[in-house]
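Indexing begins at 1, ligand by ligand and atom by atom, following the structure's order.
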Amino acid sequence: MIEAQALSKRYGGTIAVDALSFAVRPGQVTGFLGPNGAGKSTTMRMIVGLDRPTAGTATVNGRPYRAHPDPLRQVGALLDARSVHRGRTARAHLLALARTHGIPATRVEEVLGLVGLESVAHRRAGGFSLGMGQRLGIAAALLGDPAVVILDEPVNGLDPDGVLWIRNLLKDLAADGRTVLVSSHLMSEMAVTAEHLVIVGRGRLLADTTVTDLIARVGVGTAVVRSPDAAALRDALTATGAVVTGVEPGLLHVADATAERIGDVARAAGIALHELTPRRASLEEAYMELTKSEVEYR
Ligand SMILES: Nc1ncnc2c1ncn2[C@@H]1O[C@H](COP(=O)(O)OP(=O)(O)OP(=O)(O)O)[C@@H](O)[C@H]1O
């Protein structure tokens, strides 16, 4: 469990994080979203004790990160995959980390296997591709078998195989009962990976909700309707307040009306329907709606 209570961070005149309160619960993947500069990385850095809050608190499993005698066993984080000693081999990097945290060397081999780096473990990390570097960063985060895992933009720049791998890994970690907080700008990916979302804009909390609820909040979505009598259907729907937009012959796009209502209106008017396909808003649309006034052009 991660808890932020009125967490704030100011850098000179910039308020990066502004009285942010939220809780990230175990057993599900929580997406941490927000426009560029919204304060996501700063919040994650405060959670793992790399930045000191100006005010408020961040705790992991009930204590501030620094108050844990064995922090690597409590929380594993990937904040910057480039923060690896480039001259060291992947195995040596992990062994050095393990040694300083009282973690047995056998665990290094386990995490190398878990992230699929066994065959390149003897190579220097400096020569790794972006995807291999991300995998090494994740191996380091998982080294202490932590109950809480925090990943900042783990799919950045990865190929489709890498993206799928991270998606499955995050879901597996959550299914194990871990707390998983992951930031990303890829809404389509978050839509299929995260169940819960914490969304920030200009350092403030905009939403702390499920993916399903956020999408429901932006409205009833739209529907595609096909009818041999589209013109009459258009008039009947418009009369009930639905918004009917541009069409091919026989095809209508209808907003602000549920599929049930469209079907009822057609039936009442004696109009046949050959297709009625509801289209829910995407997470991307819901996110854009929520954050449209919060974008920090920088
Ligand atoms: N060390 C620092 N010194 C001064 N300002 C900083 C520092 N770190 C972050 N900031 C500022 O704090 C704000 C929040 O930045 P942060 O990197 O946390 O946002 P973010 O949501 O992670 O953005 P992105 O999606 O672009 O990674 C920004 O205005 C940024 O310029």
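- Residue contact check: H185 has heavy atoms under 4.0 Å from atoms 25 (O) of ligand 1.
- Taking distance alone, with nitrogen or oxygen atoms compared against 3.5 Å, E153 stays at or beyond that limit from ligand 1.
- Atoms of ligand 1 lying under 4.0 Å from at least one heavy atom of T14, given by number and element, are 29 (O).
- Close contacts between ligand 1 and A38 involve ligand atoms 19 (O), 20 (P), 21 (O) [criterion: under 4.0 Å to a heavy atom].
- At least one heavy atom of G39 sits under 4.0 Å from some atom of ligand 1.
- In this structure, R204 places its CZ atom where only 12 or fewer heavy-atom neighbours from other residues, nucleotides or ligands lie under 6.0 Å away.
- Going from atom CD of E260 over to atom CG of L276 covers 8.5 Å, rounded to the nearest 0.5 Å.
- Applying the ring pair (Phe, Tyr, Trp, His ring centres under 6.0 Å) rule to F32 yields the partners F22; only residues at least two apart in sequence or on another chain are considered.
- No hydrogens or angles considered: a donor-acceptor pair under 3.5 Å links the side chains of E275 and T277.
- Heavy-atom neighbours of M187 CE from other residues, nucleotides or ligands within 6.0 Å: above the threshold of 12.
- Of the candidates S183, G37, G203, it is G37 that places a heavy atom closest to atom 23 (O) of ligand 1.
- Within ligand 1, the atoms closer than 4.0 Å to a non-hydrogen atom of S41 are 17 (O), 18 (O), 20 (P), 22 (O), 27 (O), numbered from 1 in the order shown.
- Considering backbone and side-chain N/O atoms, N36 comes within less than 3.5 Å of an N/O atom of ligand 1.
- Listed by first then second residue, pairs satisfying ring-ring contact (aromatic ring centres under 6.0 Å, His included) with a partner in residues 156-206 number zero, not counting sequence neighbours.
- Residue contacts with ligand 1 do not include R45, since none of its heavy atoms lies under 4.0 Å from the ligand.
- Heavy atoms of T43 found under 4.0 angstrom from ligand 1: none, in either backbone or side chain.
- More than 12 heavy atoms of other residues, nucleotides or ligands lie within 6.0 Å of CZ in R107, so this atom counts as buried by the packing criterion.
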